[in-house]
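First the structure, in the form of structure tokens, and then the observations on it.
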Amino acid sequence: MRAVPTILHLDMDAFYASVEQAAKPSLRGKAVIVGGLGPRGVVATASYEARRSGVHSAMAMGMARRLCPNAAFLVPRFPVYRQVSEVVMAVLRSVSPLVEPLSLDEAFVDLEAGPHGALLDLQGQEPTALATARVTAMVLALAEDLRADIGRATGLTASVGVASSKMLAKIASEQAKPDGLLLVEPGREHQVLDPLPVRALPGVGPATAEHLRRAGIATVAEAAAAGKAELVRLLGKAQGAAVASMAAGRDDRPVVADRETKSVSVEDTFEVDLADRTRVLREIDRLAESCVRRLRAAGKSGRTVVVKVRRFDFSTLTRSETLRAPTDDPAVVLEIARRLMDAVDTTGGVRLLGVGVTGLADFTQEDLFAHVVEAKGDAERPGGPVAGAPGPEGQGAVAGAPPGEERDAAGAESSLAREPAAAEAQRRWLPGQDVRHVEFGPGWVQGSGVGRVTVRFETPWSPPGRVRTFLVDDPALEQGPPLPLTGPDGPDPEPHGGGPGPRSGAVSGT
DNA sequence: TCTGGGGTCCTAGGACCC
DNA sequence: TCTGGGGTCCTAGGACCC
């Protein structure tokens, strides 16, 4: 807990949806929903326009479509989000080297570690009202500059919270949304914290909140009043103590810049449950290879292999095996994953499969992939996609060939090769995806079906563009590269996304 | 409406060792 | 013959976060 509000939390507003609105002029001011578009997809991000219809993150896509049928439903474009995220993090590092990213769109910054740290430090002085007011004014100016810099660099809006701890900085940025700034003055922490539902505390999710509610604890003030002993009794040692501290406003967690990766995993939910054992094992092979490729791209090896199975009824189990020494050999991981799978009953069908590696160590060997790859199709070749660059996310596997046609796991022919043309077209032209036409230039897929694909031709820096329809196999149309958000004439002066105009202020006297 | 994918941390029981 | 306590590792599951 600091005497001075020098921890900053920044959160991009409706990040994925705002990137799409910036990239696609025709979507600005419209409801945009980004997520898995298949029958089992969920919402990753909804624009504020879509949220007005009740759509939110993690909602089943089916429900989102019913609540907001006229929204634009788009597949996520992670390479673009990653690129924008790097720009955002670079702007944050211009203020202080101590930046802790929490995800692509969120980070903590420790301002005391930066060039302004000395100025902000009260240097052991009494935190007089005057000194505190001076520091508060400086931090507010700094944070407002930061938001403006991010607007200029990305064309997007961000919300910022500043406080004397991580917890309060994060709560403040939440309250500032969208496109706002909120600073919690030292001494006013309880004013902000006490009335909030316990759910607002980090680490208190639906299950814990329900547990506390049954014990008559609904707000942070009530949790604080309950005391540590009672909370430990209710929630267990670690969580009880954590909730007691947080509720009392105590949070001394430092901002940590370089957190080590502890596990790597890959999983896939299938559009239709897998019933066939052979198919299940083939998918395990694919996931294991993909997992090891990412492991090696990160320069790591691991000791424990984990497989994850979600059955038709959503019951989920994991099976793991630990080696004596870490490996990054795909053949080893593959063999263990298969063996673990042998002990799992999949009667009734499998909804999701996953393969992961934990117990990571820092080493890689070269060329272990060579022999595994030989019999595979182009899609699975390593060294194609750059480290960590995903293919289409959340695509899973489409219902494959009918069971009668299944070959054994070693079969050289991939199921993709025998996929019906219509299904192949469906996966080739996904809404939101970048395309290029030899005559009309760059655009994006608006939709496809019955042998046609509809494309809107526009770029981040053009006015809203026109829509044209093509045959799905039109040779003039191909996948395109994602375009940068900032056009040839430099960044857009008007940030997109967010909602109402900027707001900022400090929590001070009532 | 029907529930993604990538992670982190904690708990608890049993094995094993001292 | 009956019975220790503590530490560490492994496995499985669950809550939580974005």
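For clarity, every value in this text was computed on a predicted model and none was experimentally measured.
OP1 or OP2 of B/dG7 has not a single side-chain nitrogen or oxygen of A/Ser263 nearer than 4.0 Å. Not one side-chain nitrogen or oxygen of A/Ser103 sits closer than 4.0 Å to the OP1 or OP2 atom of B/dG6. For B/dC2, the OP1/OP2 oxygens have no side-chain nitrogen or oxygen of A/Arg351 closer than 4.0 Å. Between B/dC9 and A/Lys262, a contact under 4.0 Å exists linking OP1 or OP2 to a side-chain N or O. For C/dC9, neither phosphate oxygen OP1 nor OP2 lies less than 4.0 angstrom from any side-chain nitrogen or oxygen of A/Arg303. Residue A/Arg294 has a polar side-chain atom (N or O) positioned under 4.0 Å from OP1 or OP2 of B/dG6. Not one side-chain nitrogen or oxygen of A/Arg259 sits closer than 4.0 Å to the OP1 or OP2 atom of B/dG7. For A/Arg199 and C/dC16, the shortest distance from a side-chain N or O to OP1 or OP2 is not below 4.0 Å. Between A/Ser265 and the phosphate of B/dG5, there is no side-chain N or O to OP1/OP2 separation shorter than 4.0 Å. Of the side-chain N and O atoms in A/Arg324, none sit less than 4.0 angstrom from OP1 or OP2 of C/dC10.
Each of A/Met59 and A/Arg310 was assigned the nucleotide of DNA chain B with the nearest heavy atom; the assignment lying further toward the 5' end belongs to A/Met59. Position along DNA chain B of the nearest nucleotide to A/Val264 versus A/Ala60 favours A/Ala60 as the more 5'-ward residue. The residue among A/Thr316 and A/Thr304 whose nearest nucleotide of DNA chain C lies closer to the 5′ end is A/Thr304.
Side-chain atoms of A/Arg310 and A/Thr316 include a donor-acceptor pair closer than 3.5 Å. Side chain to side chain, A/Tyr16 and A/Gln21 fail the donor-acceptor criterion of an N or O pair below 3.5 Å. Using modelled atom types, one finds no donor on one side chain facing an acceptor on the other under 3.5 Å when comparing A/Thr327 with A/Asp329. If you check the side chains of A/Ser159 and A/Asp13, you find a donor sitting under 3.5 Å from an acceptor.
Atom CE of A/Met61 is separated from atom C1' of B/dG4 by 10 Å (rounded to the nearest Å). Counting to the nearest Å, the P atom of C/dG13 and the CD atom of A/Gln239 are 20 Å from each other. Note: CG (A/Leu201) to C1' (C/dC17) measures 14 Å, nearest angstrom. Going from atom OH of A/Tyr81 over to atom C1' of C/dC18 covers 15 Å, rounded to whole Å.
Residue contacts for A/Arg65: at a heavy-atom cut-off of 4.0 Å it reaches no nucleic acid atom on any strand shown. Within the nucleic acid shown, A/Glu267 comes within 4.0 Å of at least one base atom, counting heavy atoms only. Among the protein residues, A/Leu352 comes within range of the sugar-phosphate backbone only, with heavy atoms under 4.0 Å from sugar or phosphate atoms but none that close to a base. A/Thr261 comes within contact range of the sugar-phosphate backbone alone, with a heavy-atom separation under 4.0 Å but no base atom that close. Among the heavy atoms of the strands, none lies under 4.0 Å from A/Val43.
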If a pair means Watson-Crick or G-U wobble with both distances below 3.5 Å, what does DNA chain C look like in dot-bracket form, with | marking bases paired to a different strand?
....||||||||||||||

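Side chain of A/Asp110 to main chain of A/Val255: no donor-acceptor pair is present (N/O by atom type, distance under 3.5 Å, no hydrogens or angles).
With both ends at atom P, the span from C/dT3 to B/dC17 equals 23 Å, rounded to whole Å.
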